[in-house]
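Quick notes on the structure that follows.
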Number of protein chains: 2
Amino acid sequence: MPDKRTPGSSSSHTIMPQEPAQADRFGRARQARSATLLEDYAELIADLLATGGEARTVDVARRMGVAHATAVKTIGRLKREGLVTALPYRGVFLTEAGHALADRVRARHRLVVELLVAVGVPVEDAEADAEGIEHHVSDGTLAAFAGFLQARK
Amino acid sequence: MPDKRTPGSSSSHTIMPQEPAQADRFGRARQARSATLLEDYAELIADLLATGGEARTVDVARRMGVAHATAVKTIGRLKREGLVTALPYRGVFLTEAGHALADRVRARHRLVVELLVAVGVPVEDAEADAEGIEHHVSDGTLAAFAGFLQARK
DNA sequence: CAGGATATGTAGCATAGGCTATATTCGACG
DNA sequence: CGTCGAATATAGCCTATGCTACATATCCTG
Ligand SMILES: [Mn+2]
Ligand SMILES: [Mn+2]
Ligand SMILES: [Mn+2]
Ligand SMILES: [Mn+2]
């Protein structure tokens with residue numbers, strides 16, 4: 001290994017000012033990752049409620065592509081966070097907070113897909129990638145997307 | 001793995017053909033999420049190696065914004081997956097596979113930031129959001145990004 | 001070259017999110 | 001109105017990612 005001349009050893013002496021910024025970005029990405037499931041479930045449940053009038057655990061599980069027991073656990077987290085309520089054997093319902101979240105998430109999802117298509121991404125890829133990308137699009141970025149799409153109309 | 005084909009039932013009315021597609025998209029997003037940490041660590045370690053000649057656990061932890069014990073565990077996973085090697089008390093090194101991954105990840109990261117800036121996202125937001133978005137950009141989408149940037153030069 | 005500061009290793013704990021397996025309960029219909 | 005398949009609930013078990021606390025090892029510096 002080449003020996004660096006840095007007095008404090010190459011490891012951790014000089015505090016580069018961009019270091020905290022990078023750590024902060026990683027932290028925000030972690031945060032977004034942890035909110036991802038809640039957002040997708042809220043959006044999906046809203047969709048099921050709007051389409052079929054009810055959201056059953058089994059349908060949520062099938063649409064998410066997970067085992068029903070997995071959906072049960074995640075729905076439990078949604079309950080703990082005050083986003084849904086559920087009656088035993090009667091399906092899942094969105095609270096007001098849950099509905100608000102679902103609305104925001106759905107709007108963002110659509111805008112992301114639109115943007116991707118606008119820059120030339122094939123629709124299928126756009127739909128697939130948007131499912132992950134959407135959770136990492138901040139308000140500032142979202143506004144820029146809207147502006148870009150507006151300008152190009 | 002097991003691909004269930006549930007016949008029609010009370011709650012799951014008609015089998016909409018887009019259902020499996022949606023489950024597939026969610027599944028791919030989950031996969032991308034699970035690869036996220038490996039990609040970020042590989043990129044960061046490559047950066048530390050290029051910049052300072054060595055990648056110490058403490059530096060990785062600080063740049064990632066996590067406790068050092070957390071970095072140790074993740075580096076353990078990188079070892080198990082054959083992406084890095086490490087000598088006790090001597091820092092971390094990339095294998096050939098690790099280097100290849102880091103290169104791909106870095107290129108994609110830069111392209112994503114470029115694309116975001118090109119559509120009008122403020123640089124700071126672009127840098128922040130790209131850290132999460134990059135892990136969900138497929139090859140097809142990446143190619144479209146490159147094409148868009150090329151056309152606008 | 002001794003000691004203190006820093007880095008590293010390791011153990012234990014928690015939560016999230018997957019899974020399978022095994023009850024129960026519901027509800028459609030013969 | 002009883003039965004049986006589908007839906008629901010619950011109980012483990014696993015891995016991945018975080019954390020704190022404490023024990024060692026290394027490395028600077030006086
Ligand atoms: Mn999503
Ligand atoms: Mn979505
Ligand atoms: Mn990243
Ligand atoms: Mn990156």
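Below, read A as the first sequence line, B as the second, and so on, with proteins coming before strands; counting in each chain starts at 1.
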* To do: State whether the distance check finds a donor on one side and an acceptor on the other, under 3.5 Å, for side chain A/H68 versus base D/dA7.
  => no
* Out of C/dG12, C/dT10, C/dT8, which has the shortest distance to the side chain of B/V58? ->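 The nucleotide sitting nearest to the side chain is C/dT8.
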* Structure fact -> Checking C/dC19, C/dT8, D/dT8 against the side chain of A/T70 (C-beta onward), the nearest is C/dC19
What integer distance in Å separates [X]:[atom1] from [N]:[atom2]?
X: A/R62; N: D/dA7; atom1: CZ; atom2: P; answer: 7 Å
X: B/L78; N: D/dT17; atom1: CG; atom2: C1'; answer: 13 Å
X: B/E54; N: D/dT26; atom1: CD; atom2: P; answer: 15 Å
X: B/L37; N: D/dA16; atom1: CG; atom2: C1'; answer: 8 Å

* Shortest non-hydrogen contact from A/R56 toward A/E54 -> NH1-OE1, 3.4 Å
Is there a side-chain contact between [X] and the phosphate of [N], meaning an N or O under 4.0 Å from OP1 or OP2?
X: A/R30; N: D/dT17; answer: no
X: B/R33; N: C/dG18; answer: yes
X: A/R90; N: C/dT25; answer: no

* Asked: Under a 4.0 Å N-O cut-off, is there an ion pair linking B/E81 with B/R77?
  -> yes
* Asked: Can a donor-acceptor pair be found between the side chains of B/D129 and A/S138 at a distance below 3.5 Å?
  ->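 Side-chain D/A pair, B/D129 to A/S138: present.
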